[in-house]
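Inspection log for the structure reproduced underneath, given as structure tokens.
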Amino acid sequence: MPTAALLTAAFVIGLEQFVEWKYGPAGLVGLLLLTVGIKARSPMCSTAGAVTLALLMTTPAR
């Protein structure tokens, strides 16, 4: 059990770092909105986060 929790926490932290590195602070906000919306069962919040991440992923490279 502690091993699974540790691996999950490491994965989540790694994902957050990757999103912030690749998409900047807006990506982190989008990921945060998506996560909070899913946990709180708020469709508006999770949709806002998903749309933010989708827009960041579909923009042309700089």
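Taking CG from Leu28 and CG from Leu53, the interatomic distance works out to 9.5 Å, rounded to the nearest 0.5 Å. Considering CG of Leu31 and CG of Leu15, their distance stands at 5.5 Å, rounded to 0.5 Å.
Summarising the hydrophobic clusters (Ile, Leu, Val, Met, Phe, Trp, Tyr; side-chain heavy atoms under 4.5 Å, direct or chained), the residues clustered with Leu7 are none. Leu33 belongs to a hydrophobic cluster whose remaining members, ordered by chain and number, are Val29; membership requires side-chain heavy atoms of ILVMFWY residues under 4.5 Å apart, directly or through intermediates. Other members of the hydrophobic cluster containing Val36, listed by chain and number, are Leu32; membership follows side-chain contacts under 4.5 Å among ILVMFWY residues, whether direct or relayed.
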Name the atoms and distances for all side-chain donor-acceptor pairs under 3.5 Å in residues 17-24, with sequence neighbours left out.
none

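By the side-chain contact (heavy atoms from CB on, under 4.5 Å) test, Leu55 is found to be paired with Val51, residues two or more places apart in sequence or in another chain being considered. Qualifying side-chain contact (heavy atoms from CB on, under 4.5 Å) partners for Ser46, counting only residues two or more places apart in sequence or in other chains: Leu34, Ile38.
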